[in-house]
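Structure record follows, encoded as structure tokens.
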2 protein chains.
Amino acid sequence: MAREKAERSRVIPEVPEVVVMRLPLYLRTLVQLSQRGVEVVSSQQLGQQLQMTPAQIRKDLSYFGRFGRQGRGYSVKYLLEELRQILGLEREWDVGLVGVGRLGRAIISYAGMAPEGFHIVAAFDADPRQVGQTVGGITVQSMDHLQESIKATDTRIAIVAVPAAHAQEVIDRLVECDVRAILNYAPIPALVPPPVKLRNIDPVLALQSMTYYLRSL
Amino acid sequence: MAREKAERSRVIPEVPEVVVMRLPLYLRTLVQLSQRGVEVVSSQQLGQQLQMTPAQIRKDLSYFGRFGRQGRGYSVKYLLEELRQILGLEREWDVGLVGVGRLGRAIISYAGMAPEGFHIVAAFDADPRQVGQTVGGITVQSMDHLQESIKATDTRIAIVAVPAAHAQEVIDRLVECDVRAILNYAPIPALVPPPVKLRNIDPVLALQSMTYYLRSL
DNA sequence: CGGCGATTGTGAATCGGATTACAATCGCCT
DNA sequence: AGGCGATTGTAATCCGATTCACAATCGCCG
Ligand SMILES: NC(=O)c1ccc[n+]([C@@H]2O[C@H](COP(=O)([O-])OP(=O)(O)OC[C@H]3O[C@@H](n4cnc5c(N)ncnc54)[C@H](O)[C@@H]3O)[C@@H](O)[C@H]2O)c1
Ligand SMILES: NC(=O)c1ccc[n+]([C@@H]2O[C@H](COP(=O)([O-])OP(=O)(O)OC[C@H]3O[C@@H](n4cnc5c(N)ncnc54)[C@H](O)[C@@H]3O)[C@@H](O)[C@H]2O)c1
């Protein structure tokens, strides 16, 4: 009893958000290495693939524990599983989608989500013509059913793909339904209360920040 | 001659990339204010809208010059025009799209690009069944015509929406065609040589970094 | 079994971006 | 004209993230 390792009872300090945002990158690279049959990888090699310094990777990982072996590197399979655990990806997540327009449809039929454990299980739209239609195996519901449906399935993640003018209003309603993570495609600086996480996807912003460097052309 | 102001001949120092990435945010907010008929805005008000400190906005702008008036704030119209100038948005940009699948089609028919001065003028796909089809007014071309077409139209911006397995290869070809800004939707850590700018759009990464905060659920 | 090259984990040093704080300036009101 | 509240622009400071640097540890080989 005296020499118990206490390995599992590590207190995780406040981890900088930038670090959390890099973890999925590490995970993805490890999955690829794993598929290629690689069993061990050093921070050096990982850094090369991801175009970052080995020290940063080691530092990032050190927030969560000790996963490597000196002189060897990291077991790809082990680190991969640990990262999944840390990120909460050892389980599957149900995702709700609001706004079944062109983008919404592309998202529903996107094959890249399910393999990562994200399942779009419900879709909502305000347009009566959309309601009742079936897209990619799921039936579009009226916004009247939003709360009911989201709460019944205990969905905590939502994707917003409605026009900018209605995005904040939709987001507010999702927050009321206890959704805790929102991926917003509308080009607005949306506001959410503290416990809720928000990420924006905005191709126009990305283009506009790149043209700065093309001014000379 | 002696007291010339030298206003226009300001040497812009190396501006941090984070600053450049915030400018389009400012611009967008100014456009909205302008549409609402607002003529003057303070960094205070701007900061409130964008959920950031007034000082940061002032600091960011100070990299490029002096645009405000003490005691008043900024002329919305003037600052808006200056930002457009700085970002290279006073002109229109031609954009090439590679990969006319589900996502590619959604992008082509997305109405949010043209108003900002980004025009998708050419689309390319490796699949012979796609080639020749017309999507949103433009005809899909074979990859054989990539260099020829891109160079002929002097296109410097491209969007990549091909499967991950082919994305790096496509990006390399675009770089060879003198494309200088690439918006990549494929989930890979793509590599480009220094003069070329790259931004990635990756909804799965965004979701995976949010679940970290949902672990308790 | 001991020495060696490789690699981790992390405190310390460094770097760069954010914030603070304030002098300078403005428009306005009386 | 002069005083006042508001606001900018920026130098100085703070703070957090990145990088450095190295002791500790590992596997391996002779
Ligand atoms: N299409 C793209 O490639 C793309 C890319 C980036 C961002 N976006 C953004 O994504 C959003 C959707 O784009 P889109 O091209 O799919 O537009 P769209 O008009 O094709 O679809 C919008 C859908 O939202 C629905 N809707 C409108 N108000 C609603 C509300 N209050 N509640 C629920 N549903 C509502 C509409 O009925 C429609 O079906 C926009 O904000 C757009 O700027 C689109
Ligand atoms: N659909 C989405 O919502 C979505 C979202 C985010 C990211 N993505 C990513 O965008 C990419 C495209 O997704 P999609 O759903 O449109 O896939 P898709 O299979 O529908 O379309 C891919 C298209 O690329 C073409 N293509 C394949 N190899 C090519 C090559 N070497 N050169 C030129 N064209 C080639 C194919 O012929 C096809 O038309 C993928 O990398 C995907 O991970 C998609």
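In what follows, chains carry the letters A, B, and so on, assigned in the order in which the sequence lines appear, proteins first and then strands, with residues in each chain numbered from 1. Heavy-atom basis, side chains included; hydrogens, waters and symmetry copies ignored.
The distance from atom CD of B:Gln51 to atom C1' of C:dA18 is 16 Å, rounded to the nearest whole Å. Taking atom CZ of residue B:Arg58 and atom C1' of nucleotide C:dT20, one finds them 10 Å apart after rounding to whole Å. For B:Lys59 and C:dC22, the NZ to C1' distance is 14 Å, given to the nearest whole Å. D:dG9 atom P lies 12 Å from atom CG of B:Asp60, rounded to whole Å. Summarising the geometry, the separation between CG on A:Leu61 and P on C:dG9 is reported as 7 Å, rounded to the nearest angstrom. In this entry the distance linking CD1 of B:Ile57 with P of C:dT20 reads 14 Å, nearest Å. Spacing between atom CG of B:Leu46 and atom P of D:dT7 amounts to 13 Å, rounded to whole angstrom units. Atom P of nucleotide D:dT18 and atom CE of A:Met52 are separated by 8 Å, given to the nearest angstrom.
Distances from the side chain of B:Ser62 to the nucleotides C:dG17, D:dG9, C:dT20 place D:dG9 closest. Set against C:dT19, C:dT8, D:dT18, the side chain of B:Thr53 has C:dT19 as its closest nucleotide.
Using a 30° and 60° split on the angle between ring planes, B:Phe67 and B:Tyr78 fall in the tilted class, from 30° to 60°.
Dashed line: the shortest gap from a side-chain N or O of B:Tyr74 to OP1 or OP2 of D:dG9 is under 4.0 Å.
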- Evaluate salt bridge (charged side-chain N to carboxylate O under 4.0 Å, His left out) for B:Asp178 paired with B:Arg180, printing each intermediate quantity in order. CA-CA 6 Å; B:Asp178 277 336; B:Arg180 293 289 284 277; over 6 Å; no
- Check the pair B:Glu17, B:Lys197 against side chain to side chain contact (heavy atoms under 4.5 Å, CB included), reporting the backbone distance first and the verdict last. CA-CA 11 Å; B:Glu17 184 142 7; B:Lys197 281 285 154 185; 3.3 Å; yes
- Query: Taking it one step at a time, do B:Gln56 and B:Leu50 satisfy side chain to side chain contact (heavy atoms under 4.5 Å, CB included)?
  - Reply: CA-CA 11 Å; B:Gln56 175 148 82; B:Leu50 288 165; over 6 Å; no
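Counting heavy atoms from C-beta outward, A:Val31 and A:Leu80 have side chains that approach closer than 4.5 Å. With contacts defined as side-chain heavy-atom distances shorter than 4.5 Å, the pair B:Leu46/B:Leu33 qualifies.
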- Message: Can you build the contact string for nucleotides 25-30 of chain C? Use B for base contact, S for sugar-phosphate-only contact, and - for no protein heavy atom under 4.0 Å.
- Response: BBS---
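Between the side chain of A:Arg173 and the backbone N or O of A:Met143 there is at least one donor-acceptor pair closer than 3.5 Å.
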